[in-house]
2 protein chains.
Amino acid sequence: MKMRRTEILESACELYVQDGLDGFSMRKLAKKLGVTAPALYRHFESREELIIEVLGEAYRLFAEYLYRALKGVDAAQRIQMARAEYLEFALSHPRMYEALYVSPELVGVVAECDEINQLGCAVGQFWVDRVRECIDAGILRPGDPRDIATTMWAHSHGLLSIWNRGLLGQGEAEFRRFFHQSCDRLFTGIESLDAVTAISVDWRQIVPDPVE
Amino acid sequence: MKMRRTEILESACELYVQDGLDGFSMRKLAKKLGVTAPALYRHFESREELIIEVLGEAYRLFAEYLYRALKGVDAAQRIQMARAEYLEFALSHPRMYEALYVSPELVGVVAECDEINQLGCAVGQFWVDRVRECIDAGILRPGDPRDIATTMWAHSHGLLSIWNRGLLGQGEAEFRRFFHQSCDRLFTGIESLDAVTAISVDWRQIVPDPVE
DNA sequence: GTCTATACCCCGATAGAC
DNA sequence: GTCTATCGGGGTATAGAC
């Protein structure tokens, strides 16, 4: 049975999603494909190379979700859609989402892998751009777009990270509501104020379609 | 050489910190202690039991940091100190910090381990209590203390999680400043407003002493 | 309480036949 | 391009001597 790289990679992604980084072995992957382990080395130099490719797929899929937010008609809608797409990706592909944050040393020389680094930077830049256009539109207060984007990113990632590990004790539907509620809290702040203005676009109006 | 449980556990914590969950093996631990692996089974039933104990130590150390924030004179100072102690623990013991968020399934039956669950709940309750007393004091806007605490927790954890994995490209000193700046952003919110009030206690006045 | 020896797993990667 | 066979390493855990 002749195998192409893409078939192996596809199966490798499934294995990674099922068994995680540690559970990912060449022998298991070979069995999944109905071949023996040495056959894989005709197509990939090592386990490490395969894992790097899997991480690349994770980034590509993530970007696929995020960029759909660009269909929003204005800055406010785009940043709200980006939030919704971020949530959607993390919930639809939790292991792939985790993969985005796997420490480089664990997979080997990922730090030296330009392909992964560039994909990561592109995602970061996406958020900075969304924030900048919201500042320009007067929706967000002036400030360094990078700093503000990082705050938003941290909040979203932290929430998903905590929920994925089962520390919130909520079902998915309940968590979805809480995620948006919590994002709104970041927008409006939590300290005592007399009056608070609300962002114009309601997240409930934005329901992302499933990707793939 | 006679060994007591506590000596093994102490060494186990060091090994966990150095090599992480996957790198933690009975053989390595035995070598570290100058004995052979089977000797450890006189004191601990299995690797899993040892790891659960290590996680317990992580939670205890974490609580040690957090509870120092109770020395603050009022609700505002206590929540700001709690924030500073959270940061301090995560930066001083990054592997222990990660351990708090390790998925239960990875270490085995941790989900069934009441000791760990209770420690985790106690930490969560600490945050809820800090938020509640701030609401009562009029420092935070009214709302469900649990929801608000979760938002704060998520933001802090997300930031630390992202920085620990080297995604922010900042040195520690720079990150410390950013952490507090970002927490302030959560307090005040980010959306456009005409006037913003600032929280009364400045985090720079609160520098936690190192624990142990 | 610790040792040696061992049973029995899984793993990455290679050599050489087909 | 895939196979079998194998090298050399890691691991948990137990049996039985001392």
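Nothing here was measured: the structure is a model prediction, and the numbers come from that model. Chain identifiers are assigned alphabetically (A, B, ...) following the order of the sequence lines, protein sequences preceding nucleic acid strands; residue numbering begins at 1 within each chain.
- For the pair A:Glu115 and A:Arg60, the salt-bridge criterion is met [side-chain N within less than 4.0 Å of a carboxylate O].
- Here C:dG12 presents its C1' atom at 14 Å from CD of A:Glu49, a figure rounded to the nearest Å.
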Using nucleotides 7-11 of chain C, report all nitrogen or oxygen pairs with the protein that are shorter than 3.5 Å.
unit_1: C:dC11; atom_1: OP1; unit_2: A:Ser25; atom_2: OG; d: 2.8

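- The side-chain hydrogen bond (donor to acceptor under 3.5 Å, both in side chains) check on B:Arg47 picks up nothing, with sequence neighbours excluded.
- Rounded to a whole Å, the CG atom of B:Asp22 is 12 Å from the P atom of D:dG11.
- Protein atom CD of B:Glu48 is 12 Å distant from nucleotide atom C1' of D:dT12, rounded to whole Å.
- Residue A:Thr36 has a polar side-chain atom (N or O) positioned under 4.0 Å from OP1 or OP2 of D:dC3.
- Computed from coordinates, the B:Asp19 CG to D:dG11 C1' distance equals 14 Å when rounded to whole Å.
- With sequence neighbours left out, A:Arg95 forms a side chain to side chain contact (heavy atoms under 4.5 Å, CB included) with A:Val17, A:Glu98, B:Glu105.
- Pairs passing the salt bridge (Lys or Arg N to Asp or Glu O under 4.0 Å) check and including a residue from residues 154-175 of chain A, sequence neighbours excluded, read A:Glu172-A:Arg176.
- Rounded to an integer number of Å, the gap from A:Phe44 CZ to D:dT2 C1' is 16 Å.
- Taking every side-chain heavy atom of B:Tyr41 into account, D:dT12 is the closest of C:dA5, D:dG1, D:dT12.
- At whole-Å resolution of the value, CG in B:Leu29 and C1' in D:dT12 are 13 Å apart.
- The distance from atom CG of B:Leu21 to atom P of D:dG11 is 14 Å, rounded to the nearest whole Å.
- B:Tyr97 is linked by a ring-ring contact (aromatic ring centres under 6.0 Å, His included) to B:Tyr86, B:Tyr101, B:His157, counting only residues two or more places apart in sequence or in another chain.
- Taking only side-chain atoms of B:Ala39, from C-beta outward, the nucleotide of D:dG1, C:dG12, C:dC3 with the closest atom is C:dC3.
- Between B:Arg78 and B:Asp129 no salt bridge is recorded (no basic side-chain N to carboxylate O distance below 4.0 Å).
- Here D:dG1 is the nucleotide among C:dA15, C:dC3, D:dG1 with the atom lying nearest to any side-chain atom of A:His43.
- Residue pairs meeting the salt bridge (Lys or Arg N to Asp or Glu O under 4.0 Å) criterion with at least one member in residues 18-27 of chain B, sequence neighbours excluded: B:Asp19-B:Lys28.
- Between the CZ atom of A:Arg42 and the P atom of C:dG12 there is a distance of 18 Å, rounded to whole Å.
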